[in-house]
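This report refers to the structure that appears directly beneath it.
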Amino acid sequence: MAVLAQHSVVEGPAPKATGYWTGVWRRLRRDPVAIAAGLVILALILMAIFAPYLAPADPYRTSTLRRLRPVGTAGYPLGSDELGRDMLSRLIFGARLSLFMGITPVVLAFGIGSAIGVLAGYVGGWVNTAIMRTIDVFYAFPSVLLAVALSGALGAGFGNALVSLTVVFVPQIARVAEAVTTQVRSRDYVEAARASGAGGFTIVRVHVLGNVLGPIFVYSTSLISVSMILASGLSFLGLGTRPPEPEWGLMLNTLRTAIYVQPWLAALPGVMIFITSIAFNLLADGLRSAMDVKQ
Amino acid sequence: MTQPAIEIRNLRVTFAGVVRAVDGVDLTLAPGEVVALIGESGSGKSVTLRSLMRLHPPRRSKVEGTMTVAGQDVLAMSQRALADYRGATVAMIFQEPLLALDPVYTVGEQIVEVIRRHEKASKAEARARALELFQKVRIPSPERRLDAYPHEMSGGMRQRAMIALALACRPKVLLADEPTTALDATVQIQILLLLRDLQRELGLSIIFVTHDLGAAVEVADRIAVMYAGRIVEEGTARDLIRGPRHPYTIGLLKSRAEGALAKGSRLDAIPGSPPDLAHLPPGCPFAPRCPLAIDPCRADRPPPIPVGPGHTARCIRTDVSPTLLSPASRSDAAPA
């Protein structure tokens with residue numbers, strides 16, 4: 001009998017050992033769309049960092065004579081805006097504020113929302129009900145309306161726009177975090193951990209966070225594009241960045257009057273917003289499948 | 001007699017105030033003894049097992065009676081003592097290792113974590129212990145398997161890893177909750193043999209929950225048959241299989257496809273279905289399905305009646321029950 005047991009366990013060679021993130025990277029590398037999206041985002045970030053070296057002209061220098069030049073004008077490769085400022089330089093510098101406004105609220109909301117959601121999901125019971133119903137009050141507002149209302153109430157300005165966007169995203173992330181945590185909490189491996197003597201804190205730190213942060217992270221990545229669009233919207237309404245700062249949403253706003261004169265020019269900031277948000281969304285999709293260990 | 005490894009007295013577990021999942025279970029295990037708990041789904045075997053680790057949420061369940069494991073009163077333990085007790089004195093093997101192992105950590109990491117939770121060991125020491133355990137449960141190329149994720153292993157290999165995890169802190173008692181149900185038939189045998197070898201080598205006491213009589217006979221010294229939250233018959237594996245006395249045990253034995261079953265012939269099934277645990281009948285809970293039931297059966301719950309050395313059955317008709325075993329009575333057993 002012992003011989004049978006000994007003999008029959010011989011299997012093929014064990015798979016090569018790899019770490020978790022090595023595996024994620026290996027799977028992500030096989031996904032050309034996610035790689036392309038990642039490269040676009042990398043290029044945008046580099047563009048934002050090295051804006052002063054890349055921009056051909058000063059993004060603040062106005063020219064009354066050369067206003068609203070079309071794309072391809074000599075000296076203005078992407079034309080000039082309604083105050084005669086170089087579009088290309090403004091688009092390059094605009095990446096700084098736009099990316100910052102897109103990423104920061106999501107990062108803040110990721111921290112706060114995950115903490116709230118995991119707490120609600122793991123503790124359960126009336127704590128869960130109290131937290132989640134409060135969250136639902138915020139969730140009931142359409143995000144654009146909530147962002148506009150909060151920004152309006154706090155007063156126009158860059159910092160207040162960041163705060164209001166963070167408040168908009170916290171309930172969304174908390175709901176996802178709560179849903180995943182509730183699922184994970186009832187898994188066998190959590191009970192197995194308890195049966196091997198793990199306390200509540202260890203279970204949350206090791207088993208809940210280990211399984212929950214991935215999905216929340218992926219969801220949050222997809223919110224970056226939403227955050228950028230909302231930030232642009234706030235700027236467009238005059239609640240976010242103020243002129244003459246270059247920011248894609250604000251530029252879209254100021255150029256809207258020129259849409260019949262120079263439609264291509266007026267669309268350029270929108271094109272940048274579109275490229276950036278779609279890149280973040282595609283990267284989030286790629287990460288979602290790459291972070292699934294079972295693939 | 002030495003102190004028993006496990007002593008359960010009059011265990012009652014109630015869920016949501018009405019569902020009596022376990023209704024007065026008594027069970028004693030000597031050190032190094034293997035007992036199989038057998039019964040259909042909902043008979044309370046897994047609930048009994050989880051009670052021994054106090055895994056039921058205190059908010060929604062009520063556990064009464066006394067449980068002593070290795071001299072410790074389980075129900076009186078503080079949270080702190082409970083955390084030390086779980087895993088170190090008593091460990092559990094789950095039915096589906098793919099679900100009971102955390103998918104985002106390698107099996108090696110999980111074993112190291114458990115060892116370091118209970119003992120002061122460095123990561124390297126814990127890993128050396130994990131490797132030793134993998135060799136003990138006969139996992140091929142154990143060094144590399146330690147770094148594998150649960151989903152990268154086959155079902156049998158995962159269950160071996162799960163057993164290694166359970167043995168990590170040298171427990172005295174092992175609780176196995178249908179450890180072979182999720183596996184292929186050939187792998188089942190290997191796991192059963194492994195469990196028995198380990199039990200002999202380490203002197204473990206094991207409670208083995210299963211609904212597979214064959215598996216129970218393979219590893220257990222004694223078998224306890226559960227029905228509707230009670231142990232209805234208990235005896236040595238040999239006595240119970242050769243001379244079952246409770247009509248339910250007899251029904252279980254007869255409902256197995258033994259040897260070559262002629263094509264087209266019907267398998268004997270026990271008529272009816274188990275009782276609703278929230279509304280148990282006043283008498284024997286098996287009476288509505290029992291071909292031998294008489295009026296006194298429906299009036300009072302039968303006490304355990306000794307039918308042989310170390311063999312008891314909660315049935316007042318054990319004098320006539322062996323007749324159910326003869327093929328002639330098969331047709332009589334049919335009406336529901």
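Chain naming here is simple, since letters A, B, ... match the order of the sequence lines and numbering starts at 1 in each.
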Exercise. Could you tell me which non-hydrogen atom of A192(A) sits nearest to which non-hydrogen atom of A100(B), and how far apart they are?
Key: CB-O, 3.5 Å
Quiz item: What option among A193(A), G199(A), A195(A), A198(A) has the most heavy-atom pairs under 4.5 Å with chain B?
Solution: A195(A)
Quiz prompt | Contacting moiety of V90(B), where chain A heavy atoms sit under 4.5 Å | solution = backbone
Practice problem: To the nearest 0.5 angstrom, please state how far the CZ atom of R194(A) sits from the CG atom of L55(B). | Solution: 7.0 Å
Exercise. Sort D102(B) into side chain, backbone, both or neither according to what part of it lies under 4.5 angstrom from a heavy atom of chain A.
Key: both
Exercise. Measure distances from V206(A) to the heavy atoms of chain B and classify the residue's part below 4.5 Å as side chain, backbone, both or neither.
Key: both
Quiz item: Any side-chain heavy atom of Y189(A) within less than 4.5 Å of one from Q110(B)?
Solution: no
Quiz item: chain A: which of M162(B), M153(B), R50(B) shares the most heavy-atom pairs with it under 4.5 Å?
Solution: R50(B)
Self-check item: Least distance between heavy atoms, N211(A) atom then P103(B) atom
Solution: OD1-CG, 3.4 Å
Quiz prompt | Proximal component of R80(B), with respect to chain A [non-hydrogen, under 4.5 Å] | solution = neither
Practice problem: Examine whether an atom of Y105(B) lies under 4.5 Å from a heavy atom of chain A, and if so say whether it belongs to the side chain, the backbone or both; otherwise answer neither. | Solution: side chain
Quiz item: Is atom CZ of F15(B) surrounded by more than 12 heavy atoms (other residues, nucleotides or ligands) closer than 6.0 Å?
Solution: yes
Practice problem: Answer with side chain, backbone, both or neither: which region of E143(B) has an atom nearer than 4.5 Å to a non-hydrogen atom of chain A? | Solution: neither
Quiz item: What residue in E113(B), M92(B), E109(B) has the most heavy-atom pairs under 4.5 Å with chain A?
Solution: E113(B)
Quiz item: Are R117(B) and S196(A) linked by a side-chain donor-acceptor pair shorter than 3.5 Å?
Solution: yes
Quiz item: What part of L99(B) lies closer than 4.5 angstrom to a heavy atom of chain A: side chain, backbone, both or neither?
Solution: both
Quiz item: Can you tell me if CZ on R133(A) sees more than 12 non-hydrogen neighbours from other groups inside 6.0 Å?
Solution: yes
